[in-house]
Structure formats: C-alpha cells, structure tokens
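Chain naming here is simple, since letters A, B, ... match the order of the sequence lines and numbering starts at 1 in each. No hydrogens, no waters, no symmetry mates; every other heavy atom, side chains included, goes into these values.
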Amino acid sequence: MARLLRPFEYRGPQTVGEAVRMLSEYDAQARVLAGGTDLIVSMKKRQISPRYIVYIKDIPDLNYVHYSQETGLTIGALATHRSIADSSIIKDRYNLLATACNKVGTPQVRNMGTIGGNICKAGPSQDTPPVLLVLDARLKLVSLGGERVVPIDTFFLAPFKTVLQQGELLTEIQIPNPPPVSAGCYKWATKTVAVDETLVGVAVLMSVDSADGVCTDIKIALGSVAPTPMRARQAEEVLRGKRIDDRLIGQAAQVAAGETRPRSRADFRRRMSRHLVSEAIAETWKMIR
Amino acid sequence: MKEIATFMVNEKHYELAIEPHMLLVEVLRDELGLTGTKHSCGIGSCGACTVLIDGRPVLSCLTLALTVRGKDITTIEGLAQGTTLHPIQKAFVEHGAIQCGYCTPGMILSAKALLDKNLNPTDKEVKHALSGNLCRCTGYVKIIDAVLAAAEAMSKEAHP
Amino acid sequence: MSQKLSVVGKRIIQPDAAAKATGNAIYVSDITIPGMLIGKVLRSPYPHARIKRIDKSKAENLSGVEAIITPEDTAQWQKFDRGLKDLPMIAGGYTVPADEGVLNERARHFGDAIAALAAINEHIAEEALELIEVEYEELPFAIDPEEAMKPGAPQISDFAGRNIGKHMPYAFPEGDADKALGGADCVVEGTFTTTKQEHCTAETAAAVARIDISGRLIVWSQCQLPHLARREIAHIFNMPVHKVKMITPFIGGSFGQRGSLCAEPICIALALKTGKPVKLVYSREENFIALESRTGFKCNLKIGFNKDGTLTAIQVYMLGRLGGYMGCGPMASAIGMIFGLGHYRCPNRAGEADMVMTNTPVSGAFRGFGNPAIMWGIEQLVDEAAERLNIDPLTIRLKNIKRAGETANMGLRLESTYLEECIKQGAEAIGWREKWGKKKEGAIRRGVGLATMTHCSGAAPLYLDHSNAFIKLNEDGTADLVVHPAPVGQHIWGALSQIAAEELGIHAGDINIVTGDTDVTLFEYGSDASRSTYVIGNATLMAARNAKEQILARAAEMLDISPEELKISDRKISSRVDPKKSISVAEVCYDAIYNFKGECLNISGKCSWESKWNSPPTGAFFAEVEVNTETGKVTVRRLVTAMDCGKAINPMAVEGQLEGGMQQGIGYGLTEDYVINKDTGVVETDNYDSYKMPGILDMPETKVIIIDEPDPKGPFGAKGVGEPGMVGVAPAIANAIYDAIGVRIRDLPITPEKVLDALGSG
Ligand SMILES: Cc1cc2nc3c(=O)[nH]c(=O)nc-3n(C[C@H](O)[C@H](O)[C@H](O)COP(=O)(O)OP(=O)(O)OC[C@H]3O[C@@H](n4cnc5c(N)ncnc54)[C@H](O)[C@@H]3O)c2cc1C
Ligand code: FES
Ligand code: FES
C-alpha cells in the first residue's frame, strides 16, 4: 500500500565530495535520491524508510553526455532518460541506448528518472543494463576513499544487489567507441500493456568484417530472464566468426533461450527470449549487411 | 525540520517553509490550494498528478517539494487567462475530450509540453506524449482529436 | 417521429467541461472545511480472521489523533447492505440481507475494515494507523466459489447455507429448454470464465462528512444514487431522513462502483465520533481491495439450433463470486441472464445462478453488470454453431435477432430495434466480406470477429425506476432545472439541458442545472442501469412540457390569440398563422413575475416519472485482430461499434460513452486480471503497477457508428447508452482470434500464454 512519506532528514549536497562525505557519515541510514521514480515509490510502499535522504540532483556536474573520439562516450549518472534518448550523438552512434532509454516508463518518468538510478536500482527488468552490457560500459564509483571503475558485467550481484558499497556514488558511465563496422539494437516485450515493465529485454551488438561479411564479434545480453542482467555467451559463440543466415540465427536464439534462468512465467519468458534474440540479431544483421 | 524553499508556480513567486518529506502534490493541493493537480495512484503510473517543471511534465506524487527550489512550475490553474481558456483547454472542451475530468489536468499539461515544442505533431507523437496519462472514461479517442485540433489552432495563432 | 430538432442532436459543449479543463471543478477529494480531520482505515491483512483484541492506546496517545473507532464503537449502528438493497426497492420484494457493519469484528476478506481513525492531518493519521495493535485469530478461508460451496468450507455469512448468498433464477424463463436442446439439430456448449475487473475510477473513493450544530449530517458523497444513499445512511445511523443532507460534487468516474456506499459509512462514523468534519479518501490500493469490482463468473452455456440456423433453446448456469459481503453482486447474474438469454428470439430459455460468498473483496456493478460475462460465452457459441451449420456469423445473427414488435428482454414490447442496421453497417466498416473466413498464413495472422448485444434503458420493470424533475423559468426566459443525476462524466447535464431546451424552444445554454443537494432536489433514483438520459430525461421532458403549456397559455393571452396557434422556437413564441404576431419567451416569463396582478410566480413545470417502459439499446461490435503465433500476442487493430441507442441527444457524448467502453472492453478482454493469491487470500494486483488497464498506446483505430433512429418511448427518441459500449468487445475479439488462428479462448483475459496453449505450442 502506497502511503505518504515518513519524515527523514534531507541533505542537498552541491558537489560529489560533499555527497560522498554525507553518505559515509550516515552510512546504512542514508539513501541516495536522484530522479526518485524508484526510491520514492519504495518509500511510499514502506519497503524502505531511510533516516537520511541525500538528494544528488542539485550537483551540477553530474548531468552530461560527452563524446570524444579518444575516450568514447561518457554519461553523467544524473543524465535523464529523456536527455540520453534525445542526444544526437547517442542516437547516431549508440542508437540502442537511445532506444532503451525511450522505453523506460512514461514521458514523465523519462524526464525525472536518471540512468544512474536505472543502473543502481538493479532490478532484473531494468532496460538500460542489457544495452550497457553489450556496449562494454564501465561504471565510475566514487567514495570518500577515492574512486574505482568497474566493468558493468561485474556490477550486478543479485536482484536489487550490486557491488556498490555503502557510501559509494555512481558518477559516470563510460562507454568505449563501438567497433568499426558494427550495429546494435534493443528489443523488448512488456509484461502486459504497451507501457509496462519489461518481460524480456534483449540487446545485441554485432561487428562484421566488411570484406567477407563474417560476424567478427557479437554480444547478446538479456534483461528480466535471470536474477541479474545476463550475457548469452553460448549463443554468441554460435555466431562469432560465421556468416549469418536464418538458420544460424534460429540456432543462436534457441541457445540463448536455454541460457536464461527466469523465475516466474518461465516458459513464456524463454519463448520470448528466443523470439526477441532472433529478431534482434536479424535486425542488426540487416543494418550492417 | 522545515526548510525554506522558493520557487515559481504559475508565474507567481512563492517562499514556503516545507517539511522535507512533503511531496510536491501535497504542497500544491494542501498548502497552495491548487487542487487542479489530481492524485490517483500515488506510484507514478497514472499521470493524474502531472505538472510541468521548467516546461517538462513530471509526476508531483514522486517529487519532493524541496527539490523544486528555484524551478518554474506550471499547474493546470496556470493555463487559462482569467476565463479565456488556453487553446488546448478549449479544444478539450469542444471535442468532448472530458468526461469525469479527473485525468484532464494531467492530460492537458502533457499535451502542452508536447505542443510547446512541436506544433505539428503526428497522431503517433501525440499518443507517445500522452502515454504516461491514463484515462478510464474516454478511450482516448477524443483526447487525441482535441490535441491535434489544438495544435492546428495554436500553429495558426503562431503563424497567422 | 420526424420532428425538426434544433437543440437535440447537436454536439453541444458540456456545461461542466470548462470547470474540469481548468482545475476549477471541485471533487470530493478536493474539499476542505475549517477544522476538518483526515480519516484512515485499518484493514485486515488476512482473508478471514477474527479480531481478538485491538489495542489502540499507543495510537491514541499520538498527538493530533482525535478518535479511533473499532467494531465495538460501531455496533450501535445498523447493519446494512452497501449495495443499498437491504431496503426494498426492487420489484417482487427482492432484498439483500444487511450483512455488513460500519466496522466488523470478523474480517471476511483481505482489506476488510477493522478500525478507523481521524487525525488532524494525513501524516499523523498514517502514523497512528501503524500504532494500532491488532491480535487476529486467522480462520480457514475460501477463495473460489466451488471451494466455498463444499461441505466443511468456512461459513462466511450466517444466512448463506453452503455460502450461497443468493440463488438467482432467470426472471423470464420460457418453454422447455432441456427438451428443446434434446431435439436440436446442433447443440453448442461450453464453460466460459470471466474475471473480476476493477473499475479504476480516476478519482478514488472519497467522502467528507460534517455534523452541524443542530445535529444535521452533511455528506459530500460520490454515490451515484444520492437519494437512496441518504435513506440508507439515515437508517444506518438511526437518524430521520431530513437530518441527512447529501451533496454530490463532481465525481471522478464511477462505472457502477459508486452505485454502492464506498467511503461514506466509515467517514460518517468518524465525524459522529469526533463531532468534527472528516474527510476520508481511499488510496488506490483501498479502491482495489475495499470496494466492489466486477463479479467474476463461470458460465456453463448450452445453445440449440435448427439446421437452418434458427435458435431454439438456450440454457445457462452461472456461478458467481460475491466476496465477503453480498453487495451488488447477486444482481449481476440476474441482469446477465435477462440480457443474455433475452437477446435473441428464442422460445426455450432457462437459467439459474448461484452467487457464492467467498473470502475475497466484494463484487458488484460495473458497466454492463452481468451482461459482458454472459455475452462472452454466448457470442462465441453462436459463432461455433454458425461454423458447424456452415452459415456465416452475420447471417446466423440476422436470422435470430429480434424485430420491433416482438417481446424484448424484460418482457415488454420491443418498440424499436435497429440491430440489423448495426450489423450491416458495422460489417461494412470493418470490411467483413473481404476479411472474414479467409485462409491465413505466416506467423502473424489477422482475423475479424463480431459480437452483438442488447442492454437496457433504466431498470424498469425490475426496479422502481423513478425520477423527478422540476423546471422554473426565470424572468429573462432562462430556466433552472432541478434534477439529481450523478455527474460521473457521462455528459448528463448537457443532455438534460438539451432535452429541456428543445421542448421549451430555448437554447441549451439557457438552462442552469440545479443539482447535487438532496435538500433541494426531489426524490431521484439516481444514475445507473443506463437510465439517466432515458428516465431523468423523460422526467425533464415532461416537466418542460408542463412549463411550456403555461408559457403558451400566457403568451396566447398576451397576444390575444389561441394557444393552439402558437409555436416556440429560438426563444420566441409566434403564431403559425400570422408570424408577425410574436413575443419572446423572456417577455412572457417576465410577465409571469412582474405583472401587478396579484401573483408573481415563476412559470414552472414539474414531473414525477416512473418509467414503465424500457427500450433496449442494441449494438454490434466488430474487431480486427492480429495474432502473432510465435509469441501469442494479440493486437487489436481496429474496433467498430455500431449502436442503436435511439436518437442521440448529443452524438459527441454518445461516441464518448462507446469509445470509453472500448477501452474497458479491451482491458476486460486482454489485459485486466485481478489476481488473488490462492494460498494467502492476498490481492496481488492492487495498483496500476500490477493491474493493467489499456493506455493510449494500446488503443486500436476505432470507429463508432450511431444509427440515430428515434425510439417511440425515450425522450426525443433516446435510449440508454451508458453501459452497452463494453459488452461486446471481448467476445468480438475472441471471435476475431478464432478467425485468425482457429482456436477459442474461453477464459478471460486472453493472455499470450493462453493463446499459445490453445495453439498447442505453449
Ligand atoms: C511508472 C514507472 C515506470 C517505470 N518504468 C520503467 C521501465 O520501463 N524500465 C526501467 O528500467 N525502469 C522503469 N522504472 C523504474 C525507474 O523509474 C527507473 O529505473 C529510473 O531510471 C530510476 O532512476 P531515478 O533517477 O528515478 O532513481 P531513484 O529512484 O532516484 O534511485 C533508484 C535507486 O538507485 C539509487 N541511486 C540513484 N542514483 C544513484 C547514484 N548516482 N549512485 C548510487 N546510487 C544511486 C537510489 O538510492 C535508489 O536506490 C519505472 C518507474 C515508474 C515509477
Ligand atoms: S498520482 Fe502521480 S502518477 Fe498517479
Ligand atoms: S475523463 Fe475520466 S479518467 Fe479521463
């Protein structure tokens, strides 16, 4: 039952330094608040009742989308889904990320919700993690003790559990340049209606040798079919180094479905995984062929 | 402990002492008496509580009031000039897009955010812009008609 | 009746639309009164439990808490039926036992009210709620009707043996269905199940109650039936009726849910206890668990046909899930059987229903009542029969639908019906001929399907269907119309203005609706059963006619000609013979008041109208769907509703009702599923993150066709059109799915998994 919020102490740091200081001071009693589209709901449902709320959205230098040829793409943790989906560089070079951000929630949720919140929420059904997995994203985590950068495939531990330590703040998402001849896409099915939680999400990034048309590399990641977002590595093996055709796509999709470990609606999720993986590969293949 | 927050609502300046756990929807409705902002699901799913912050639609049921410091808020009460309706309001009225009317303020504000940027939206763009607002009465048909009609009226006004 | 109309039939703007568009409209949830407290309700986490002990001391000590009430406190008040049917009002003396107290010491369903409190604000009220300690004794519970009927199942209400709250026979049986089925050339049969659908009114249930210094109780209520609610509330709280005043502000949606008492009883109890005004607004979750939602049914249907497709017999057994209290649920089966079995011409009809009490939230009235549930099965079976008899679905229906002059669903003469036109025009619009019955290939297959239905215009002769209208003309020729429909969004104020203005020869905008206060309005049954335009409309028409006669008489006197010679239009009374002889309505109305002749009384008209008639609207629904055979996903591409609702008083408002019905119908058919955990009795879908109604992106291309032929009995030929809009949607979708992929889904909602299962590829 959603209720009003219980009282808490409010902190509005203006810098990352201030924020991590507060987080380390209040430790387990504090929660980071970004867009609030997840945290406020949990608080209203009394799933958590933090004593301190550290509101980070007033920190000016965490909301950006930067690109340079040398470093690739960097996104501030506070960039909203809306701003990412609208960014021309992302639409051009990382279209699958724009697609995933455009899928999140509703226009209002995309205006409020941040990519940092989407990653840190770490529910199985979040939409950006599968995409970030195939894009080899790295996450910059800052704490009072300093900063570390972790690859996203080591970030998620269990549903709603990550390597993020108490007192640590996600500040930046770093995404390398995509391989030269490559393309990718994000496909999903929702649980019931058009605007709804993701039942299965599939991201694919594929590169091809432009000379012989062989798939030199492929990454396939799925959301909402296992405790954490997962790579379908065996399915990738089916395709890597091969010339793609329908039969092979079908085979890879079948293998990917076998790699999933869904809990509820398991048969259906597996079936949808097969379907969406096959669609996503076929579409990607069409883009670069 | 209450904190002072200053912000604009419908072009009026407010300075209020607010408890941190107060939601924007509470402050608007209960403190400022702006009951045109509705509350319906409380968890971000229905859009009835939509207001514009710096021109963008957001959910006042998931927004801490303190976090709108320095921002510019538009609620449904801010659209009409006296008794002269905003073109979107006028279109909703004329197209029968309002039944019970409880979703209407949120719908109109979502539509406004769209039309303020795009006066020539397609059917599809209208639907996407309103996809965070649920209506149980109208089947959305007349709402879409109204937004398209408002777009036309507004673009005529903008480029006579 | 080919009358030239100048106001009726126009797409007028609603009198209340601007208020709603600007945030100016005040709903119950928006009301604040000085000194007002906020109420909250403590609800049972168990489906069936006895309250052993409630310790409210901690909560009471919280500063700002003004009162806490428990079942002990509310025992002084009368038990009641939230559906308002413990006091007789239905023909034949049908009543529902009063089985519910304001608070109850045995929780009969998850979410049942255990205690309530009032505090100075909502935050304190919520905090206090968490401080109330309750010791429960969990009791065995029954979730499904079948379980509940078994020997040894927990007894839910003491009057309901085997937990059967009501056994409902079909009200208009005829012939010998068993025998006719035995002799039929083709018998189709099946079990069809439907879900509990939540109304999802945009505004949640809310009430404000205040006791004034003279002991009068003033209630701001969303109830669709304000005068019945007034009587019920007076009865519950042991007050004379005149001590209760019901105010009806704008209502943020109802669809039948507010036909029962919702937040009122507890809110009033808190106001009585504290002596202060109290506002009680339910959360979305409480709307799901504490209020009535659509009755879920299991229908066993059997239909017999002759070789040539003539329907010969129909038989049904409906098993309905009522929930922990009786509520409006029982009537859902009665209404369903009347409309379902009475839809087609059929000489042998039999039906009965068991409405079973269970430890689940209560069931009640929702747009269409039991009609969508029974038509879900009937319209699929008719298609099945058509296929077996090698007749197409249009033809088999055209063969069996009733024609004007036959007996209608409620035993009255069918004065008008244009279902044939609905079927033909709808078929044309969907492209039936080109699309239906074609061979389908590929993973994604399209199909079209059809369903027809009939409904009612009010509840006569079943209920006492009674409305009053009073109209008074002001000195400038404008009028105040005193009526009390419930403004739930159905554009009723506009429709009544049009009816009154048409009759009086003035403009719709000349009418001021005086309403929403039982101190002022005459007795009014209220707004349900698709009755407002038809019955309150007839009362309004007759009141206006009464006033018009006086206007004409006075004008005749003033012009010195005979009243028969006069006509009114466009605010003017003129002679048919000599058009130069004319006078304005305003002048006549002015003269009635300002005349120095010893009387100064507004011209006024009054009508007390008990509807003795019922003109069923009929309609045909066409769906075009796309089924993905790999994923089981069903996408509705197009929906066409063709409706015979008599003369459309305001076509825009009629379209709105039907378009809204489509959304609810698609939800009923495909997405909405009220899930109760069988092991715990907990409602798992209690907000929009888990319960999914269609959003704007789920809506297909739609088309509404209004046949617009007047009915002899309705005001200016109107019939009711509030409910029909969703009745045929789900079966039309199911039939379209069959056309696309050759499988039948008999269990709502149609999920991808069920489609895949049916395809044998799950
Ligand atoms: C109606 C609705 C629909 C939704 N639909 C979708 C959907 O389709 N797909 C989807 O993926 N999600 C969806 N969500 C969930 C949520 O909106 C998104 O995950 C969103 O991206 C969360 O971002 P936020 O900024 O609002 O997070 P917040 O609520 O502010 O925070 C979420 C969590 O992350 C932590 N956190 C946030 N930022 C940081 C940081 N920088 N460093 C460390 N910890 C941090 C918070 O403490 C909290 O635990 C939906 C939510 C709603 C209300
Ligand atoms: S009340 Fe805020 S989204 Fe529903
Ligand atoms: S008009 Fe009633 S919910 Fe939209």
If I measure from the heavy atoms of chain B, does [X] come under 4.5 Å with its side chain, its backbone, both, or neither?
X        : result
C:Thr702 : side chain
C:Thr204 : side chain
C:Ala653 : neither
C:Glu701 : neither
C:His199 : backbone
C:Ile251 : backbone
C:Glu203 : both
C:Met652 : both

Side-chain donor-acceptor contact under 3.5 Å, C:Arg258 with C:Gln224: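 The answer is no; no qualifying pair exists.
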Distance-only polar pair, side chains of C:Gln197 and C:Gln664, donor-acceptor under 3.5 Å: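 The answer is no; no qualifying pair exists.
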Salt bridge present between B:Arg69 and B:Glu15 (N-O < 4.0 angstrom):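 B:Glu15 and B:Arg69: not salt-bridged.
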Please classify the contact of [X] with chain C as side chain, backbone, both or neither, using a heavy-atom distance under 4.5 Å.
X        : result
B:Met22  : side chain
B:Ile108 : side chain
B:Ala48  : neither

Face-on cation placement of C:Arg638 at C:Phe622 ring, 6.0 Å and 45° thresholds: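 Checked: cation-pi criterion not met.
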Test salt bridge (Lys or Arg N to Asp or Glu O under 4.0 Å) applied to C:Glu285 - qualifying residues, sequence neighbours left out: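 Counting only residues at least two positions away or on another chain, C:Glu285 forms no salt bridge (Lys or Arg N to Asp or Glu O under 4.0 Å).
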